[in-house]
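Keep in mind the model is a prediction, meaning the values are calculated, not measured.
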Amino acid sequence: MRIGILGDVHANLEALTAVVQALQAEGVDEWVQVGDLVGYGPQPGECIDLVRELGCTVCLGNHDAAAVGLLDIAYFNQFARDAINWTRGNLRPQDVAYLRSLPLVVKKDAYTVVHGSLHHPEEFGYVISPVEAAESLAMQETFACFVGHSHVPAIHQQLVAGSRTLDTAYQCEAPVSVARAVRVLMNVGSVGQPRDEDPRAAYGLLDLETKTACVRRVAYDIEGVQRKIRSAGLPAMLANRLSMGI
Ligand code: ZN
């Protein structure tokens, strides 16, 4: 089984379309989205429609929660707050109902899906370092877990059950073998707003037959979405950052 994983789409339809095409060309059996479908970008409804059409397994992100009044935006920075307020005014009733229906954690047979960390999912903590990954892995009951939130890709492997010493790869465009892993925690990076100084859209792929995992990158029409962000009246900084991958 090959699982295609999308994360932090942030209403960027150009990036989402490019990633979906890339994953369809790779061939996937199941689709996952790790939260933050909306917030920052100009096309929340279109992105929700596409993710729903794909039949993705989806969990709730902090921006999704904020956009439908489930999370206080007092701790968001000014750009994120402005974008949430814009998003609230641009969601259709079916988008609001859909986002409100999303669970914080989804557990399947082979994998779990959560936006930030399995360690207090409702707090939306970041998994970036192996220390944070170990906290989440301590709560992980399935072979794999997919997260996003930090917008920085990484594959953390636990090679000994219960161990807090992990095998971590941040360079993971080429397939990484997970054949020796007891547990795998994949941060799939961000489709719609990468922050690792690589502006290309990111997507995760886990192959349970070959026991390989990777986070690949695909170029997309950045100028196209930048024009839409500016003409929608969203903060210009949200357009500018996309060409820098920050
Ligand atoms: Zn995000």
Side-chain angles (χ1 to χ4, degrees), residues 4-20 30-108 112-118 120-126 146-151 188 190-193 201 203 224-235 237-239 241-242:
I5 313 118
L6 318 170
D8 292 273
V9 172
H10 285 295
N12 181 340
L13 186 64
E14 279 76 9
L16 178 60
T17 306
V19 162
V20 168
E30 290 195 17
W31 296 82
V32 170
Q33 205 279 335
V34 302
D36 277 5
L37 266 167
V38 306
Y40 296 132
Q43 290 185 282
E46 291 86 344
C47 290
I48 289 173
D49 286 346
L50 180 47
V51 161
R52 295 182 76 173
E53 275 166 35
L54 292 167
C56 277
T57 295
V58 183
C59 68
L60 182 76
N62 56 320
H63 287 255
D64 304 323
V68 294
L70 296 173
L71 188 72
D72 189 352
I73 57 171
Y75 298 102
F76 279 45
N77 68 45
Q78 187 62 49
F79 300 113
R81 267 209 303 273
D82 289 349
I84 289 297
N85 287 325
W86 182 94
T87 302
R88 284 176 178 168
N90 284 275
L91 289 176
R92 303 161 300 182
Q94 68 263 36
D95 301 328
V96 174
Y98 175 71
L99 294 174
R100 290 189 79 99
S101 77
L102 295 176
L104 270 174
V105 179
V106 186
K107 194 172 137 198
K108 302 277 217 176
T112 308
V113 185
V114 66
H115 185 58
S117 170
L118 287 175
H120 297 299
E122 73 288 354
E123 291 178 3
F124 297 107
Y126 290 93
F146 308 123
V147 302
H149 194 37
S150 69
H151 300 207
V188 298
S190 172
V191 171
Q193 195 195 81
Y203 63 93
V225 68
Q226 286 176 321
R227 276 193 297 274
K228 288 180 188 171
I229 289 171
R230 293 187 185 110
S231 63
L234 283 157
M237 183 272 193
L238 297 177
R241 68 188 297 173
L242 292 178

Inset, instruction - Can you run down the ring-ring contact (aromatic ring centres under 6.0 Å, His included) pairs that involve residues 68-93, sequence neighbours left out, and say none if there aren't any? - result: His63-Phe76
Legend entry - Asp36 vs Val9 side-chain heavy atoms within contact, under 4.5 Å: no
Inset, instruction - Measure the CD-NZ distance between Glu14 and Lys228 for me, rounded to the nearest 0.5 Å. - result: 3.5 Å
Inset, instruction - Look up atom OH in Tyr40 and atom OG1 in Thr87, then write down how far apart they are to the nearest 0.5 Å. - result: 10.5 Å
Inset, instruction - Show your reasoning for whether side-chain contact (heavy atoms from CB on, under 4.5 Å) applies to Leu6 and Cys56. - result: CA-CA 9 Å; Leu6 318 170; Cys56 277; 4.1 Å; yes
Inset, instruction - Determine which pairs satisfy salt bridge (charged side-chain N to carboxylate O under 4.0 Å, His left out) with at least one residue from residues 79-96, sequence neighbours left out, and list them in order. - result: Asp49-Arg92, Arg92-Asp95
Inset, instruction - For the residue pair Val38 and Ile48, establish whether any side-chain heavy-atom pair is separated by less than 4.5 Å. - result: yes
Inset, instruction - Please answer whether the main-chain N or O of Gly39 pairs with a side-chain N or O of His10 as donor and acceptor at a distance below 3.5 Å. - result: yes
Inset, instruction - Please report the shortest heavy-atom distance between Leu238 and Ala83, naming the atom on each side. - result: CD1-CB, 3.9 Å
Legend entry - Gln33 (side chain) donor-acceptor with Gly35 (main chain) under 3.5 angstrom: yes
Inset, instruction - Output yes when a side-chain donor or acceptor of Asp8 lies under 3.5 Å from a complementary backbone atom of His149, and no otherwise. - result: yes
Legend entry - Carboxylate-amine/guanidinium contact Lys108 Glu30, below 4.0 Å: no
Legend entry - Separation between CD1 of Ile5 and OH of Tyr203, rounded to the nearest 0.5 Å: 11.0 Å
Legend entry - Any side-chain heavy-atom pair of Tyr98 and Val51 under 4.5 Å: yes
Legend entry - Atom pair CD1/CE of Ile229 and Met237 - distance to nearest 0.5 Å: 11.0 Å
Inset, instruction - May I ask you to test the Leu70-Arg100 pair for a side-chain heavy-atom distance under 4.5 Å? - result: yes
Inset, instruction - Please report the shortest heavy-atom distance between Pro42 and Ala232, naming the atom on each side. - result: CB-CB, 4.4 Å
Legend entry - Close side-chain approach of Thr112 and Val105, heavy atoms under 4.5 Å: yes
Inset, instruction - Please name the pair of heavy atoms, one in Pro44 and one in Asn90, separated by the smallest distance, quoted to 0.1 Å. - result: CG-O, 4.4 Å
Legend entry - For Leu104 against Pro121, the heavy-atom pair lying closest together: CD2-O, 4.1 Å
Inset, instruction - Report yes or no: does His151 contribute a side-chain atom to a donor-acceptor pair with the main-chain N or O of Gln193 at less than 3.5 Å? - result: yes
Legend entry - Asn12 side, atom CG; Glu46 side, atom CD - distance, nearest 0.5 Å: 11.5 Å
Legend entry - Taking every non-hydrogen atom, the tightest pair across Val113 and Cys59: CG1-SG, 3.7 Å
Legend entry - Straight-line distance of Arg52 CZ to Leu54 CG, nearest 0.5 Å: 12.5 Å
Inset, instruction - Answer yes or no: is there a side-chain heavy-atom contact under 4.5 Å between Pro103 and Leu60? - result: no
Legend entry - Non-hydrogen side-chain atoms of Val106 and Val58 separated by less than 4.5 Å: no
Inset, instruction - Determine the interplanar angle of the Phe124 and His115 rings, folded into 0 to 90°, and report it as parallel if under 30°, tilted if 30 to 60°, perpendicular if over 60°. - result: perpendicular
Inset, instruction - Sequence neighbours left out, what passes ring-ring contact (aromatic ring centres under 6.0 Å, His included) with Phe146? Give chain and number order. - result: Tyr111
Legend entry - Contact check, side chains of Val34 and Val147, non-hydrogen atoms, under 4.5 Å: no
